[in-house]
*Asks:* 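The structure that follows is given in the form of structure tokens.
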Amino acid sequence: MKPFAYTAPSSVDAVVEALRVAQPGTKILAGGTTLYDLMKLGVEAPSAVIDVHRLPELTGISVTDSELVLGAGVRMADVSDHPVIRPSYTALAESIWRAASQQLRNMATLGGNLLQRTRCGYFRDADMPCNKRNPGSGCAAMEGVDRPHALLGASSLCSATYAGDFAIALLAFDAVVDVVGPRGERSIPLAELHVEPGEDPRREHVLDVDELIVRIRVPLTEAGRGSTYLKIRDRESYAFALASAAVGLVIDGAGIVTESRIALGGVATRPWRAVEAEQSLLGQPLTAAAARRAGEIAFAAARPGRTNEFRIELGIRTVADAVRTAGERAVR
Amino acid sequence: MSTNDVPATTVDVTCTVNGEPVQLRLDPRESLLDVLRERLALTGTKKGCDQGHCGACTVHLDGRRVVSCLTPAVQVDGLQVHTIESVTGPDGELHPLQQAFVDNDALQCGYCTPGQIMSGLACIAEGHTADDDEIREYLSGNVCRCGAYVGIVAAVRQAAQR
Amino acid sequence: MRVDAYDKVTGKALYGADRVLPGMAFAALALAKIGRGRVSGVDTSAALAVPGVLLVETKFDLASPGFLMGGGFGFQSLQPMTDDHIAYRGQPIAIVVAETPVAATEAAEAITAEYEEEPFALHLDSEGATTLVQEEAIPLPFLADIKVGDADAVIDSCAVRIEETFEHPPQHAVPMELNGGVVWWQDDRLIVHEGTQNANAVRFGLAQQLGIDAELIEVHSPYVGGGFGQKNSLLVHIGPLAVVSRRLGRPVKLVLARTQTFHNGSFRPATKHRIRLGADATGRILAAVHEVDQQTSRHDLFIAGHTEVTSRLYGFSAFRGRQRLVQTDVQTPGYMRAPFESPSMFAFEQAVDELAHTVGRDPVQLRLDNDTETDPVTGLPFSSRHVGDCLRRGAELFGWSGRNPEPGSMRAEDGSLVGWGVAIGNYPGSIVAANATLTASADGRVTVAVDGHEMGQGIRSTVALLVARDLGIPVADVTVQVGDTTVGTQHLTAGSWGTATALPAVHSGLQELRKHLNVADTGDVDVASAVADAGHAVQVSVGSLGPGQTADALAQTNTGHLAISGPVFPGFVTFSWIAHFVEVHVEPTTCRIRVPRVVSVADCGRVASPVTAASQVRGGVIWGIGAALREESMVDDRVGGFLNTTLEEYPVMVNADVHRIDVDFIDKPDYQFNPVGVKGLGEVSMVGAAAAVANAVHHATGRRHHRLPIRIEHVL
């Protein structure tokens, strides 16, 4: 690891000021589970680090009439056990419960987790070609071991999978992130936060280098109760997804689906909303066939690599199972 | 924080480790794990991967379990750090969870054991011991290559019931 | 309970890298980034410019330690950084020493090199891989292909023939303790703290590498944080570490990064198994053929020992084994837990299961019908073979009679396909010449220094229990010293011979001690008063030999070499045996494979320590499940070496993967094997477990899997 300058400003204002005057290559450090890890691997080499991990302004979970407000500095573990979130936004709680280990959830912040980097093994090995890490060097995964790579949203330059779970559930619930920077505060719908690799795989999100996520807002929805996050992995716990799905449903007294939310994880280069799949469920009773069809629609545009085609069928079944579980919870 | 808002190549940190006040001048690159082991000679905390994948380095920060390998040591400023060395009583008597590890033969080579115990203590304190499946899930961040998992779950269950 | 449990649960047990010494410096390695070739012009300037760096070295004047299986001491004969040859990606090209770990790491990362790349081969069937017939390449009697009768002719004439090919991937042991340690010099004396299963080889290997007298080297390895064969010999980092420590006049600590351990220690080589079985219509196996291709390195021939176990599994009238070695561009592979036996059994016991399915026999009954009391290879009797009892008791504990033989016929409440599978396993019984020194003190305590290493199997507890029971004293009054060359030779502890070797040595030491204490040959002893009568502490040293071994064996082990006897002894043959019963559930839609319960019954002779023995078996079963469903070391043909070199990408079993594992023992002493009646357990516990999982998956799904691991994509 290369040396870096370290500061830990004591307020958000001080962070913003530090970001304003920051030298090139400055990075924001929160829980450390991504940035510090990648620094150890030589994948990240910031010249300076601004530590925000204990800013009191970034903590706190509150519930208003219209939304759930999560401080960006809240630790992941505090969400999965939260007495309101668990019943009202089950998929949110489950997405965190199935992410990483409790130790890492005690460290990682929500804001940092949204910007978690890919687990592509070629990206994480600084000796390998990687367009994301070293533009123009090529993508080692395309002709390599691409079992965990993205089926949706890849470009000819990069198929690295977005690895997070929490953002998938947030996306399903139309969450918004509030960010601050030297140009003031702005709000970004989660759906617009992450970008596909396209021609520039380095760019993973729309935040400027001098912007800081301060909070996440999740609109209240009845679909939160009828929701689930299903994650299929190579082991029962403590592994990244081969496929995952966040599903939230509202079903009326006549058994008709009136609200439908589906987002996919572990299969795309960014958190992936399956809008057409959602729509396919609306206005009709929830059946096994409808759940399966939603999965098929969600993966209609999937493009497999050399060794990961099975994850299309796995993804379809994951969506179908999650839809069925959400449906059972919605009518409970 | 004791640090200013001015970049520095070393950072002064004050914390407590196992109840004792500690002052450190740190290179910000240093992990809490390396500081505990190499500077404070608290070698009960083990390095199994240095990448957050195994849990052997689990310690408590203000009572919460974390992996010390991915904790930059500068981040413990003002915090209480507890390691396996703090779990045993003053006269060497075992904590009930340590005793439960002995009783249930919840170890083989012993290398992951300090991390398992620190994780198990937190698991109990968090209340994640409703049944064996919950214990398994909440201890899955601690790899035991010898495969002493059946004993580990039994030990945590036993200590949680006390 | 374990006598060292207190130290382990309190963090007081000191492993290799747990020494923190005044003036200690920290080392780090830089590794080659090509699959094979030559390194020219290692640029160390940036590394030397890193503040706190004390030295950077790229070239060492070190002799080869020799390959462990070629009469040497090293996990491979190749000592990196002695010339410009790069045999595999991940081979060290430089070592850095600095004042702090961060400075050492930064400097190691700053090292760059120019390479001349050469083509490399990584697979058994890669272009450029060289295949050798083992018995021709290494013409030693014990490596000759096993041939009994004309197996092929018998099979060709059989009513039922099974012919299947199975592939087993390379795997890594990944013990939790990273390779590494602390070395320093006291004048001309070299002191090494390193987690090793073979302090003896570290000592004599370093003596050979450094050209110094082994008397000047002491190696301490009182606790090994898991070995599983990966720490069975001198590793390549220790010689260079000793040199830089001497040059600096300071203690130096080196802990390899986890990713580095995947290339700087041995691994389980890839194998391919062709199995042919010939049987009558009832499933009586008349002959078997087992042909194996096993990966090795270019620079060493890691021997294949697969057919040693499969040829003894059933009462064949004819058997033909053939073992070939395939040279590839990797570090030398080695003895990862049940090194040959687990892959062999995965192949052979699936073929046997297929036979049962083909002839419509119950797989347990078919195995019982093929049992034998006589070794098919030598015609000698087995000293003990209770695998039939293992099968019968296991079937009863498991509830096997409730099995519907039709694949895909059983369902769980959640709709999962349920499969019940069985497999047996065996592991050769070996004994090594060993030394034991017992000291009775005035306070009534007995200290035992015995050859062996504690790596989780509980050797201290087993020895302490033996001594306490023999003398009728509390276990707490027995101190056991292992893994320390200042108190004993410390030969290799592996091959499941640790207990069967240490206990007879201690047993013989106890008899000698009784003589010197002037007490009866049996019965409780008042050690304190016997010592008081003697007027001084009483110490005895004994050497013990395996059946048929001569005193030469002791001389061999005392100079750092292996002196193994077995499994064929004068007049008898010894193996440990086990039967595994496995239930798998295959989820109805997403097809995750789960293993909710396992029953394993082992025949390991007398159970020396029931608590640690059960734990050993559970661990072995977990390794078997991991091998069946998860573990595979992957390669990328473009870059060489291994690819998934982290505990994230090499998915070992976590707690949530493990459910109920019931263990039982036949517990019948084998006094022909040794006077204590114990046989090995640590490795046989794994043998057949992966096969039982695969057989259960077949029963659940009707699909036979010929390659491990069996993952979601294979059952979806």
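Each chain gets a letter, A, B and so on, in the order the sequences are listed, and its residues count up from 1.
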*Asks:* When only heavy atoms count and the cut-off is under 4.5 Å, which of residues 32-48 of chain C reach chain A?
*Replies:*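 If one takes a 4.5 Å heavy-atom cut-off, the residues of residues 32-48 of chain C near chain A are C/Lys33.
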*Asks:* Which of residues 708-716 of chain C get closer than 4.5 angstrom to chain A, counting heavy atoms alone?
*Replies:*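 So far as heavy atoms go, C/Arg711, C/Ile712, C/Glu713, C/Leu716 are the residues that approach chain A to under 4.5 Å.
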*Asks:* Counting heavy-atom pairs closer than 4.5 Å to chain A, which one of C/Val50, C/Val652, C/Ile593, C/Asn655 comes out on top?
*Replies:*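 Between C/Val50, C/Val652, C/Ile593, C/Asn655, the count favours C/Val652.
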*Asks:* Using heavy-atom distances under 4.5 Å, tell me whether A/Arg324 contacts chain C through its side chain, its backbone, both, or neither.
*Replies:*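 Side chain of A/Arg324 only, per the 4.5 Å heavy-atom cut-off to chain C.
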*Asks:* Name, in order of residue number, those residues of residues 125-136 of chain A that have a heavy atom at a distance of less than 4.5 Å from a heavy atom in chain C; otherwise write 'none'.
*Replies:*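 Within residues 125-136 of chain A, the residues that come under 4.5 Å of chain C (heavy atoms only) are A/Asp125, A/Asp127, A/Met128.
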*Asks:* Can you tell me if CZ on C/Arg660 sees more than 12 non-hydrogen neighbours from other groups inside 6.0 Å?
*Replies:*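 Check fails, neighbour count at 12 or below.
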*Asks:* Select, from A/Ala140, A/Gly121, A/Ala239, the one with the greatest count of heavy-atom pairs under 4.5 Å involving chain C.
*Replies:*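 Top count of heavy-atom pairs under 4.5 Å with chain C: A/Ala140.
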*Asks:* May I ask you to name which of C/Arg594, C/Glu109, C/Glu587 has the most heavy-atom pairs under 4.5 Å with chain A?
*Replies:*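 Sorted descending by pairs with chain A, the first entry is C/Arg594.
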*Asks:* I'd like to verify something: which residue of A/Phe310, A/Tyr122, A/Phe240 has the highest number of heavy-atom pairs under 4.5 Å with chain C?
*Replies:*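 Answer, by heavy-atom pair count under 4.5 Å with chain C: A/Phe310.
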*Asks:* Would one find more than 12 heavy atoms of other residues, nucleotides or ligands at under 6.0 Å from atom CZ of A/Arg235?
*Replies:*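 Enclosed: over 12 neighbouring heavy atoms sit under 6.0 Å from CZ of A/Arg235.
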*Asks:* Tell me whether C/Glu118 at atom CD has more than 12 heavy atoms from other residues, nucleotides or ligands lying less than 6.0 Å away.
*Replies:*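 More than 12 heavy atoms, drawn from other residues, nucleotides or ligands, come within 6.0 Å of this atom.
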*Asks:* What is the distance from atom OG1 of C/Thr590 to atom CD of A/Glu313, rounded to the nearest 0.5 Å?
*Replies:*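 Nearest 0.5 Å value for the OG1-CD distance: 11.0 Å.
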*Asks:* Give me the atom names and distance for the closest heavy-atom approach of A/Arg317 to C/Cys591.
*Replies:*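 What the structure gives for the nearest pair is NH1-SG, 3.7 Å.
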*Asks:* Report, by ascending residue number, the residues of residues 626-648 of chain C in heavy-atom contact with chain A at a distance under 4.5 Å; give 'none' if the set is empty.
*Replies:*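 The stretch touches chain A at C/Arg630, C/Met634, C/Val635, C/Asp636, C/Arg638, C/Val639, C/Leu643, C/Leu647, C/Glu648.
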*Asks:* Between A/Met1 and C/Thr105, is there a side-chain heavy-atom distance shorter than 4.5 Å?
*Replies:*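 Counting from C-beta outward, C/Thr105 and A/Met1 never come under 4.5 Å.
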*Asks:* Side chain, backbone, both or neither: which part of A/Arg311 has a non-hydrogen atom closer than 4.5 Å to chain C?
*Replies:*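 Neither; nothing under 4.5 Å.
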*Asks:* Please classify the contact between A/Glu143 and chain C as side chain, backbone, both or neither, with a heavy-atom cut-off of under 4.5 Å.
*Replies:*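 The answer is both parts of A/Glu143.
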*Asks:* Identify which part of A/Leu230 has an atom lying under 4.5 Å from any heavy atom of chain C, answering side chain, backbone, both or neither.
*Replies:*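 Looking at A/Leu230, just its side chain touches chain C.
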*Asks:* A/Arg119, A/Lys2, A/Lys40: which one forms the most heavy-atom pairs within less than 4.5 Å of chain C?
*Replies:*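 Highest number of pairs under 4.5 Å: A/Arg119.
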